[in-house]
There are 2 protein chains.
Amino acid sequence: MRAGIKPEIVIATAADIADRIGWEQITLANVAGQLGIKTPSLYNHVEGLPDLRQKLALYASEQLRDQLHDAAIGHTGKQAFIEVGKAYVAFVRQHPGLYEAINRVSEPKPQMFEQTSEAILNLFIRLMQPLGIPSEEAVHAIRGLRSMVHGFASLEAMGGFQMQEDLMESLSKTITYYIDGLSKHFN
Amino acid sequence: MRAGIKPEIVIATAADIADRIGWEQITLANVAGQLGIKTPSLYNHVEGLPDLRQKLALYASEQLRDQLHDAAIGHTGKQAFIEVGKAYVAFVRQHPGLYEAINRVSEPKPQMFEQTSEAILNLFIRLMQPLGIPSEEAVHAIRGLRSMVHGFASLEAMGGFQMQEDLMESLSKTITYYIDGLSKHFN
DNA sequence: TGCATAAACTAATGATATTAGTTATTATAA
DNA sequence: TTATAATAACTAATATCATTAGTTTATGCA
């Protein structure tokens, strides 16, 4: 019998498993089982479990990049960061397994993955332009923003917050305080 | 032969492996090998791999709590947060495997672990008292700080920053901006 | 229709965690 | 000091993985 599996379907299946029952549960046995084929058949589509994980990480990072770019459209200044930050946290809520795949990508990271990460970093850099931060300070400022947003998303993903109802509010307040303090220093 | 293994030695061995070659490498085979005993003998000291991981997470969170408390001594206000933040990042640098153990602790988390996490949260809360933030806003403010510090540590641990030389500077600047913006809002 | 390729399969290997049952060592109490 | 109970090692066996090798079957194209 022939199931007609495409590489993308394998990734999609792994993504589904990751978001549904956790990244740890991405095993070749689980993926093959959900696809209705035997484990060794997967080797026709991916080069093994590490390869599958890396391909999933790439897929996930592209999704995240796209959603962050979408969220930034039509906003500038402080509000742009708030929108992107919310989109970041929302992505992690919707796709905890994919976010884990991004964070657990093993070295050496695929080149395309590095590129996508860079694209996300560039988004932050561009959004920071209008604030008029001196360029030698901008690297620190952006590190702070990335850390903040990642910190919120990551802590929530690992169940680090008690009540997640008003977490978006915490995030937008935090970004507000940070950008205000930042602006005050350089204006 | 009898090796005279104490439970603490098993945890210490797992900690050593985690920091040296990575959390993923904590296997019963590795731990037993380093202790000079056979894998099944470990079941006399821990109840299996998940139990060992949880005990290691508890041990790690206690270490982190102690180091953060130490760092806070003798400081108040903005500077206290900077010191604690630096200690946090320093801990993750020194003990990447232990930090991973904390973050990968599986549900349900041991009660003692929850207590230790709460102690760390309480440290942040106490340090924030002098800033005079209204109590209904303090929860947001503390979430922001935790996220920031965790974000820095976590991003560095996963190799998310290019150059880590001046990372401490980025962290202290970020905390400064944040606390300044926060203070401005409520004074 | 025939052939090359893609994609499934079976079988086998080695690493892992885990359980059960056994033996040896140590500590303690008579 | 010796007998006994406990502790902590062991061997043997099983189940689940990932992985490799070799084989078969289905598909698409000349």
Side-chain angles (χ1 to χ4, degrees), chain A residues 1-60 97 100-101 104-110, chain B residues 1-60 97 100-101 104-110:
Chain A
M1 212 234 303
R2 179 169 272 214
I5 308 293
K6 298 265 178 62
E8 310 90 60
I9 304 184
V10 178
I11 308 299
T13 304
D16 176 64
I17 291 172
D19 283 339
R20 207 155 31 76
I21 54 177
W23 183 87
E24 317 263 7
Q25 293 304 312
I26 305 175
T27 65
L28 294 186
N30 275 342
V31 173
Q34 186 158 329
L35 285 169
I37 60 177
K38 302 293 166 140
T39 303
S41 307
L42 280 176
Y43 283 78
N44 290 312
H45 310 289
V46 293
E47 289 162 27
L49 186 59
D51 179 55
L52 174 58
R53 285 176 175 161
Q54 285 205 328
K55 286 187 162 66
L56 181 63
L58 174 59
Y59 168 79
E100 218 169 347
R104 292 196 178 182
V105 66
S106 60
E107 305 285 351
K109 297 166 185 164
Chain B
M1 212 234 302
R2 180 169 271 212
I5 309 293
K6 298 266 178 61
E8 311 91 59
I9 304 184
V10 178
I11 309 300
T13 304
D16 176 65
I17 291 172
D19 283 339
R20 205 156 32 78
I21 54 177
W23 183 88
E24 316 262 7
Q25 292 304 311
I26 306 174
T27 67
L28 295 186
N30 275 343
V31 173
Q34 186 158 329
L35 286 169
I37 61 177
K38 300 296 166 115
T39 303
S41 306
L42 280 176
Y43 283 79
N44 290 312
H45 310 290
V46 293
E47 288 163 27
L49 185 59
D51 178 55
L52 173 58
R53 285 175 176 163
Q54 285 204 328
K55 285 186 163 67
L56 181 64
L58 173 59
Y59 168 79
E100 215 168 348
R104 292 195 178 182
V105 65
S106 60
E107 304 287 351
K109 297 166 185 164

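Hydrogens, waters and symmetry mates are skipped; everything else that's a heavy atom, side chains included, is used. Naming convention: chains lettered A, B, ... in sequence-line order (proteins, then strands); numbering from 1 in each chain.
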How many whole angstroms separate atom [atom1] of [X] from atom [atom2] of [N]?
X     : N      : atom1 : atom2 : answer
A:I9  : C:dA8  : CD1   : C1'   : 15 Å
A:L42 : D:dA21 : CG    : C1'   : 17 Å
A:E24 : D:dC17 : CD    : P     : 13 Å
B:K38 : D:dT11 : NZ    : P     : 5 Å

Could you walk me through whether B:I11 and B:L58 pass the side-chain contact (heavy atoms from CB on, under 4.5 Å) check?
-> CA-CA 10 Å; B:I11 309 300; B:L58 173 59; over 6 Å; no
Under 4.0 angstrom between A:H45 side-chain N/O and C:dA6 OP1 or OP2 |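 For A:H45, the contact criterion (side-chain N or O under 4.0 Å from OP1 or OP2 of C:dA6) is not met.
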C:dC9 OP1/OP2 closer than 4.0 Å to side-chain N/O of A:S41 =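 So the side-chain polar atoms of A:S41 do come within 4.0 Å of the phosphate oxygens OP1 or OP2 of C:dC9, strictly under.
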Range-with-range stems for DNA chain C, at least three Watson-Crick or G-U pairs under 3.5 Å |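 Stems (3+ consecutive pairs) listed as C:1-30 with D:1-30.
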If you compare all heavy atoms of [X] against all heavy atoms of [Y], which two are closest, and at what distance to 0.1 Å?
X     : Y     : result
B:I26 : B:L49 : O-CD1, 3.6 Å
B:L56 : B:A18 : CD2-CB, 4.5 Å
A:Y59 : A:A15 : CE2-CB, 4.1 Å
B:Q25 : B:I17 : O-CG2, 3.5 Å
B:A29 : B:T39 : CA-OG1, 3.6 Å

Salt-bridge contact B:R104-B:E24 (side-chain N to carboxylate O under 4.0 Å) =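 The answer is yes: the pair qualifies as a salt bridge.
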Test A:V46 against A:V31 for side-chain contact (heavy atoms from CB on, under 4.5 Å), laying out the working first.
-> CA-CA 12 Å; A:V46 293; A:V31 173; over 6 Å; no
Listed nucleotide nearest any side-chain atom of A:N44, set C:dA8, D:dT11, D:dA8 =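 Given the options C:dA8, D:dT11, D:dA8, the side chain of A:N44 is closest to C:dA8.
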Quick one: what's the B/S/- string for nucleotides 12-19 of chain C, heavy-atom cutoff under 4.0 Å, read 5' to 3'?
-> ----SSBB
